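Here's the structure we're looking at; comments come further down.
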Amino acid sequence: MAFTDPTMIFFVVLLIILFAPIIMSKLRIPHIIGMVLAGMVIGPHGIHLMQRDESFELFGRVGLYYIMFLAALEMDMESIKKNSRRFIVFGLLTCFVPLILTYVMSMAILGYSGKASFLLGCIMASNTLVAYPIVGRYGLGRNSSVMLSVGSSMISLFLSLVMVAGLAGTFSENNGWLFWIFFIIKFALFCTGSILLIPRLTRYFLRRYSDAVMQYIFIMAIMFLSAALSNLIGLEGIFGAFFSGLILNRYIPKVSPLMNRIEFIGNALFIPYFLIGVGMLINLRTIADDPSTLWIVLLIAFFGTFGKALAAYMSSLLFRLPKEEGHMMFGLTSAHAAGAIAMIMVGMDLAVAPGKMLVDNQMLNGVVLMILVTCIVSTLMTEKAAKQIIFRERSTFGSLEQHHSDKDDEKMLLCVKYPEIAPQLLNLATLMRNQKLNRELVALNVVYDDQDSSKAREQGIRLLEQLQRQASASEIRMQTQVRLATNIANGIKHAFREFACSEVIMGMHVHKDVSQKFWGEFIQSLYNGLNRQIILTRFEQPLTTLRLIQVAVPSRAEYEPGFHRWLERICRFADLLECRILFHGRQESLDLIKKFIVNEHPGVRGEYKPMGHWNELPQLAADIAPNHLFVVVTARKGTISYKNALDRLPDELTKYFAGTNLMIIFPDQYGDQKEDRMSFTEAQHHEENSLYDIALNWLATKLSKLHKSASKESIRMPS
């Protein structure tokens, strides 16, 4: 007897979600198959432990939307723009090759009518990214073959849904050109409205509300609104979910806490619910009741899957991709699930004659069982391809990455004091850090050692606990310390050495006065006494809403030892935010910057504008919008890129760049040398003292020789 108590239903589902991966891993079978098989066993066509009630309809629908939404969020939009031809070619091939093969087979072998064969062809032309969670588990979301598969899946699904809508339109009275005109108008309005409204709503909301729960609910609301509107215009909601994910892609960085929450909730609950619900649709008893159903299943699965394989391997050869990526393209595009169910349900509502429907029970059972076969093939092939790609990448780049990781001393120190600034600093460090090294961060709160130190220390502990929770949400390790000091700058420098950090990230103090007060109470002392990279920030809006980074580079900056460090950080930051970077500087500096970006970060959109002299810095203010970030690479006195014009920097930033998102970078002065090396002025002083000592030694030597010679002469003289 089936459970009807919601508590028991949810409990059984949680047990399946918990134990299916454990059991499947022991059998070396992808756990996605375990979810589908478990649903088949407990469902109404198995032991009938549960009915496929409204909860499975609801959560299953959410899970399907989640799969499409996550796939869109993890796509590299720059790669899509650069490889748009590949997406279109593979999308058309993976749609029409299986459609044609299935259409011809169903008419020639199964003897279906033209319209029924066309519907079956549309079902096999589309696909569902059932195996996409495997890709996420291996961290291959931005692999070229994965992105091609996701983009082509959307193209094939869209074309299939449009063709099914056209097929359904032939059964209605208004099936002429007027139907297609209205459909095109509705589709154009949906896409245009989404592109214009969703970014504005997102920027408005993210600027004003930083609460994690509110941000997550807002993103989910956008996804479901887009899915609902997609349903209204005659397309399935999965298209709307995917389309909204593409639009929100640049506002949700892959390493952000918000992205972590979206992935966690989807993979833990909604996506498994969807997979279990798919399994509950499968009825193996139909094969025993009607053996001819097995023949139909085999034919549909073989020709449809063969068509997907043919399209995938043809495309991989055409694009000159490795065979492992061809396997991945075939694995991801070969599964059929909810899209097939939706289209077959549409066919069941279409009557070719009174009392005779376009889709009979035999065809329905064949399609549902085909889902099981294609899901198994898809997950096995995707798992195999993912392992092969990981092995190939590690064998090719592993030793090189290990070499770089051994030399890279990256360890960021966040100096935090104010609760409104600290989360922004952590977000910045998260976007700038090397994800492959996965080094821990250090958060420091320095407290004046005075009569109020106890209260300030408690506030610092609470602030660091809040940051620790934020870092944990992004799965980032963090060390924290509240430090008492009579001098804030010295406290930071001592902590910097103790934790063996590579750079400092801290917020700026905003003052109305200029020059002497611009740097606050201790920043000037800090950058004069610390020769490693220091990044000062002032953000007027959330980082995810930035659209352009403008960088002012002083002449001869390329000769500084810290040149590549700050450039690497800016490139990582821009890459994850998918921002453009506009560099202003001397042509010789811009040429080296461009070369570095092309070789190390080809996905970054770099632009380069020569700047004749540093005195032109105030003129840049006219082109900086509220959603831009202005980065100034400065220099300490005595370094090779220092110039007297940098003394005016506090006045110019205060006068011309007030209210601007600002970042000031002091690069490494001595590169990889030890922190306790002397400064330039100390070296000069040491050199002067050394020359003075040499002169004294020379004079003493001469006097000693004169004294000895005088002594000898006195001995020779007669008494």
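Remember, predicted model here, so these are calculated numbers, not experimental data.
- Counting all heavy atoms, side chain and backbone alike, Phe56 lies closest to Met50 at CZ-CE, 4.0 Å.
- Other residues, nucleotides and ligands contribute more than 12 heavy atoms inside 6.0 Å of the CD atom of Glu420.
- Between the OG atom in Ser244 and the CG atom in Leu248 there is a gap of 6.0 Å [rounded to 0.5 Å].
- The backbone N or O of Ile376 sits less than 3.5 Å from a side-chain atom of Thr379, completing a donor-acceptor pair.
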Ile16 vs Ile276, side chain to side chain contact (heavy atoms under 4.5 Å, CB included): CA-CA, chis, key distance, verdict: CA-CA 9 Å; Ile16 294 172; Ile276 294 170; 3.7 Å; yes

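- Taken to the nearest 0.5 Å, the CZ atom of Phe330 stands 6.0 Å off from the OG1 atom of Thr305.
- Annotation for Ala241 and Met223: closest pair CB-CG, 4.1 Å, computed over non-hydrogen atoms.
- Atom CD1 of Ile217 sits about 12.5 Å away from atom CD1 of Ile222, to the nearest 0.5 Å.
- The closest donor-acceptor contact from the side chain of Asn260 to the backbone of Ala473 lies under 3.5 Å.
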Would Leu629 and Phe539 count as a side chain to side chain contact (heavy atoms under 4.5 Å, CB included) if you check the C-alpha gap in whole Å, the side-chain angles of each, and the deciding distance to 0.1 Å? CA-CA 8 Å; Leu629 171 64; Phe539 293 110; 3.7 Å; yes

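- A donor-acceptor pair is defined here as one N or O able to donate and one able to accept, closer than 3.5 Å; such a pair exists between the side chain of Thr374 and the backbone of Ile371.
- Side chain of Arg250 to backbone of Leu576: no donor-acceptor contact under 3.5 angstrom is found.
- Of all heavy-atom pairs spanning Ala443 and Met478, the tightest one is CB-SD, 3.8 Å.
- In this structure, Tyr66 and Phe270 have parallel ring planes: the angle between them is below the 30° cut-off, well short of the 60° mark.
- With contacts defined as side-chain heavy-atom distances shorter than 4.5 Å, the pair Tyr204/Arg208 qualifies.
- Between Arg462 and Gln466 there is no side-chain heavy-atom pair separated by less than 4.5 Å.
- At distances below 3.5 Å, not a single donor-acceptor pair connects side-chain atoms of Lys308 with backbone N or O atoms of Ala335.
- Side-chain contact, Thr537 with Gln424: no donor N or O sits under 3.5 Å from an acceptor N or O.
- In the model, Glu74 has no side-chain atom that pairs as donor or acceptor with a side-chain atom of Asn249 under 3.5 Å.
- The line from OG of Ser149 to CG of Leu129 is 8.0 Å long, rounded to the nearest 0.5 Å.
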Let me see the working for Phe242 and Ile238 under side chain to side chain contact (heavy atoms under 4.5 Å, CB included), right down to the final yes or no. CA-CA 6 Å; Phe242 183 84; Ile238 46 180; over 6 Å; no

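- A 4.5 Å side-chain heavy-atom check between Cys122 and Leu99 finds at least one atom pair inside the cut-off.
- Under the 4.5 Å side-chain criterion, counting only non-hydrogen atoms from C-beta, Gln541 is in contact with Leu546.
- Checked against a 6.0 Å centroid threshold, the rings of Phe158 and Phe187 count as neighbours.
- Using a 4.5 Å heavy-atom cutoff, the side chains of Tyr418 and Leu463 are not in contact.
- For Phe69 and Tyr65, the gap between ring centers reaches or exceeds 6.0 Å.
- With 3.5 Å as the limit, one finds no donor-acceptor pair spanning the side chains of Asn627 and Thr545.
- Expressed to the nearest 0.5 Å, how far CD1 of Ile9 lies from CZ of Phe3 amounts to 9.0 Å.
- When each of Arg433, Arg477, Glu475 is tested with Asn438 by the rule side-chain hydrogen bond (donor to acceptor under 3.5 Å, both in side chains), just one qualifies, namely Arg433.
- In this structure, Leu161 CG and Phe239 CZ are separated by 9.0 Å, a value rounded to the nearest 0.5 Å.
- Under a 3.5 Å cut-off, the side chain of His336 and the backbone N or O of Cys375 do not form any donor-acceptor pair.
- Listed for the Arg605 side chain is a donor-acceptor partner under 3.5 Å among the backbone atoms of Glu578.
- Thr202 places a side-chain N or O within donor-acceptor distance of the main-chain N or O of Ile198, the cut-off being under 3.5 Å.
- For Asp575 (side chain) and Val604 (main-chain N/O), no donor-acceptor pair under 3.5 Å exists by modelled atom type.
- Ion pair Arg538/Glu540 flagged as a salt bridge, since at least one NZ, NE, NH1 or NH2 atom sits closer than 4.0 Å to an Asp/Glu carboxylate oxygen.
- Within the 4.5 Å cutoff, side-chain heavy atoms of Lys387 are placed close to those of Tyr138.
- In this structure a side-chain-to-backbone donor-acceptor pair under 3.5 Å is missing from Ser256 to Ile252.
- In this structure the side chain of Arg203 reaches within 4.5 angstrom of the side chain of Tyr251, judged on heavy atoms.
- In this structure, the side chains of Ile549 and His628 stay at 4.5 Å or more apart for every pair of heavy atoms.
- For the pair Ser126 and Met343, the tightest heavy-atom approach, listed with the atom from each and the gap, is OG-CE, 3.0 Å.
- For the pair Ser156 and Thr94, the tightest heavy-atom approach, listed with the atom from each and the gap, is CB-CG2, 3.9 Å.
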Verify side chain to side chain contact (heavy atoms under 4.5 Å, CB included) between Arg572 and Gln435, making sure each step is shown before the conclusion. CA-CA 10 Å; Arg572 286 183 201 153; Gln435 308 300 321; over 6 Å; no

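- A side chain to side chain contact (heavy atoms under 4.5 Å, CB included) with Pro253 holds for exactly one of Leu577, Leu73, Leu543; it is Leu577.
- Counting all heavy atoms, side chain and backbone alike, Gly34 lies closest to Ala20 at C-CB, 4.3 Å.
- Residue-environment remark: NZ (Lys186) exceeds the threshold of 12 foreign heavy atoms within 6.0 Å.
- Here Arg137 pairs with Glu383 in a salt bridge; the nearest charged N to carboxylate O distance falls below 4.0 Å.
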